[in-house]
2 protein chains.
Amino acid sequence: MLQRRIDDHAPPSRESMREAQDIFYKHLKRVGLKHTDQRDTILRTFLETRDHLSTDELFRLVRKKDAKIGFTTVYRTLKLLAECGLASAVPFPDGMARYEHQFNRRNHHHMVCTECDASVEFFSPEVNKLEEEIGRKYHFDATRHNFQIYGICEDCRKRTRRPI
Amino acid sequence: MLQRRIDDHAPPSRESMREAQDIFYKHLKRVGLKHTDQRDTILRTFLETRDHLSTDELFRLVRKKDAKIGFTTVYRTLKLLAECGLASAVPFPDGMARYEHQFNRRNHHHMVCTECDASVEFFSPEVNKLEEEIGRKYHFDATRHNFQIYGICEDCRKRTRRPI
DNA sequence: AATGAAAATGAAAATCATTTTCATTTAGGG
DNA sequence: CCCTAAATGAAAATGATTTTCATTTTCATT
Ligand SMILES: [Mn+2]
Ligand SMILES: [Mn+2]
Ligand SMILES: [Zn+2]
Ligand SMILES: [Zn+2]
């Protein structure tokens, strides 16, 4: 699924990769699970992209590195990554479960174009403040939120000659 | 799915029901579709509740009024209602498609308890303002948004003796 | 290094919400 | 009333997700 960026990014450095693996393997140890090559490969592949990947899309990327890794293992690993905070589900309107990595990454939200399905990330500390305020106001122990804006992206607007 | 309210509400009056039917049938006429008893019954049933209903849940309610109406018709009618703005999908984390009616209803958002799955509606004009501002800032023609807060509801917090 | 119990793997099957198909019935303009 | 396009609903298809299970692997302990 197309994704447009408004910020730069470099692939993760060797050491930040280590750092993330550390988080993952500490989590595995904590819940009594084991370290495997498959999990390593899947984590590395996942961190190398900033896309919003479906399980199948990640599976296809993983398969390029190790064709013997099965879909089921990718599916299960993605769940583990979400458990320890390295991944989080992004609810896009295509209905499929999609994940993005949350390692060394600036907190952001998404605008989704209803015309071309592209998503654009944006940054808004105000949204985070709102979560807090509303939680306090309604006696709700808020831990996270989800905010997405739907509409027509700049490109689609230009394409259809319909200025804002 | 449990839903707690912080505002009062009465069942729709006879005349507001008419008003909604009018919107629906104008829409049907516009797109060349026909008026049927089934569609009437489904719309009435849908407007009588403020819950966030899955297709199957609405189907069960509809069935009480007319046992001959099929699931497929409910499914299709819900789509039509969404088309003309009388219904809108609410993306709750249980993964199922859920709809709430949007007729004569105050604009609101949802807090969802990750412990008991209950949802609480809240009101925040600030969120609407944010949609506008962000759209303007990023040259995105924003038409709608989705904002949900996840956390632990008051009841669950009391139950587990873990004050905020 | 060898052992063995617990966990991991991956192919295949199961699940289940959603969507489509299709034979039959119905709405509604003329 | 007639005719045609649309509606209906049962059944089947779809497709993402999840489970099952036989086999393999990890790793703490000898
Ligand atoms: Mn993102
Ligand atoms: Mn609601
Ligand atoms: Zn677009
Ligand atoms: Zn709760």
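Below, read A as the first sequence line, B as the second, and so on, with proteins coming before strands; counting in each chain starts at 1. Just so you know, these numbers use all the heavy atoms, side chains as well, and skip hydrogens, waters and symmetry mates. Please read all numbers here as calculations on a predicted model, not as lab measurements.
When distances run from any side-chain atom of A:Thr73 to the nucleotides C:dG10, C:dA8, C:dA17, the shortest one goes to C:dG10. Of the listed nucleotides (C:dT21, C:dT9, C:dA27), C:dT21 has the atom at the smallest distance from the side chain of B:Arg76. Taking only side-chain atoms of A:Ala97, from C-beta outward, the nucleotide of D:dA7, D:dT17, C:dT9 with the closest atom is D:dT17.
A:Phe24 and A:Leu33 fall within the same hydrophobic cluster, defined by Ile, Leu, Val, Met, Phe, Trp and Tyr side-chain heavy atoms under 4.5 Å apart, directly or through other members. Placement of B:Tyr75 and B:Phe46 within a single hydrophobic cluster is found when ILVMFWY residues are connected by side-chain heavy-atom separations under 4.5 Å, directly or transitively.
For the pair A:Lys79 NZ and D:dT19 C1', the interatomic distance rounds to 10 Å; values are reported in whole Å. Note: CG (B:Asp37) to C1' (D:dG9) measures 15 Å, nearest angstrom. C:dA13 atom C1' lies 15 Å from atom OH of A:Tyr75, rounded to whole Å. In this structure, A:Lys29 places its NZ atom 18 Å from P of C:dA6, rounding to the nearest Å. Put simply, CG on A:Leu33 is 19 Å from P on D:dT25, counting in whole angstrom units. When the P atom of C:dA6 is taken as reference, atom CG of A:Leu28 falls 19 Å away, rounded to whole Å. Atoms CZ (A:Arg39) and C1' (D:dC27) sit 13 Å apart, rounded to a whole Å. Look at CG on A:Leu78: it is 14 Å from P on C:dT9, rounded to the nearest Å.
The existence of a salt bridge linking A:Arg30 and A:Glu83 is excluded, since no basic side-chain nitrogen approaches an acidic carboxylate oxygen closer than 4.0 Å. Note on B:Glu121 versus B:Arg106: no salt bridge recorded, every NZ/NE/NH1/NH2 to OD/OE distance being 4.0 Å or above. With respect to the salt-bridge test (charged N to carboxylate O, under 4.0 angstrom), the residues A:Asp22 and A:Lys26 qualify. Using a 4.0 Å cut-off between charged side-chain N and carboxylate O, A:Asp40 and A:Arg44 make no salt bridge. Remark: B:Lys65 engages B:Glu48 in a salt bridge, criterion side-chain N to carboxylate O under 4.0 Å.
The shortest distance between the side-chain N/O atoms of B:Thr36 and the OP1/OP2 oxygens of D:dT8 is below 4.0 Å. OP1 or OP2 of C:dT26 has not a single side-chain nitrogen or oxygen of B:Gln38 nearer than 4.0 Å.
Between the OG atom in B:Ser119 and the CZ atom in B:Arg5 there is a gap of 8.0 Å [rounded to 0.5 Å].
Within residues 85-95 of chain A, no residue has a heavy atom under 4.0 Å from DNA chain D. Proximity of residues 56-72 of chain B to DNA chain D (heavy atom under 4.0 angstrom from any strand atom) is restricted to B:Lys68, B:Ile69, B:Gly70, B:Thr72.
Side-chain atoms of A:His110 do not come within 3.5 Å of backbone N or O of A:Val112 as any donor-acceptor pair. For A:Arg98 (side chain) and A:Asp51 (main-chain N/O), no donor-acceptor pair under 3.5 Å exists by modelled atom type.
Below the 3.5 angstrom threshold, one finds a donor paired with an acceptor across the side chain of B:Lys34 and the base of C:dA27.
If one axis is set at each end of the helix from C:dA1-D:dT30 to C:dG30-D:dC1 from five pairs, those axes are 30° apart, to 10°.
Between B:Asn146 and B:Arg144, the closest side-chain pair of non-hydrogen atoms is not below 4.5 Å.
For NZ of B:Lys29, the number of neighbouring non-hydrogen atoms (other residues, nucleotides, ligands) closer than 6.0 Å is 12 at most.
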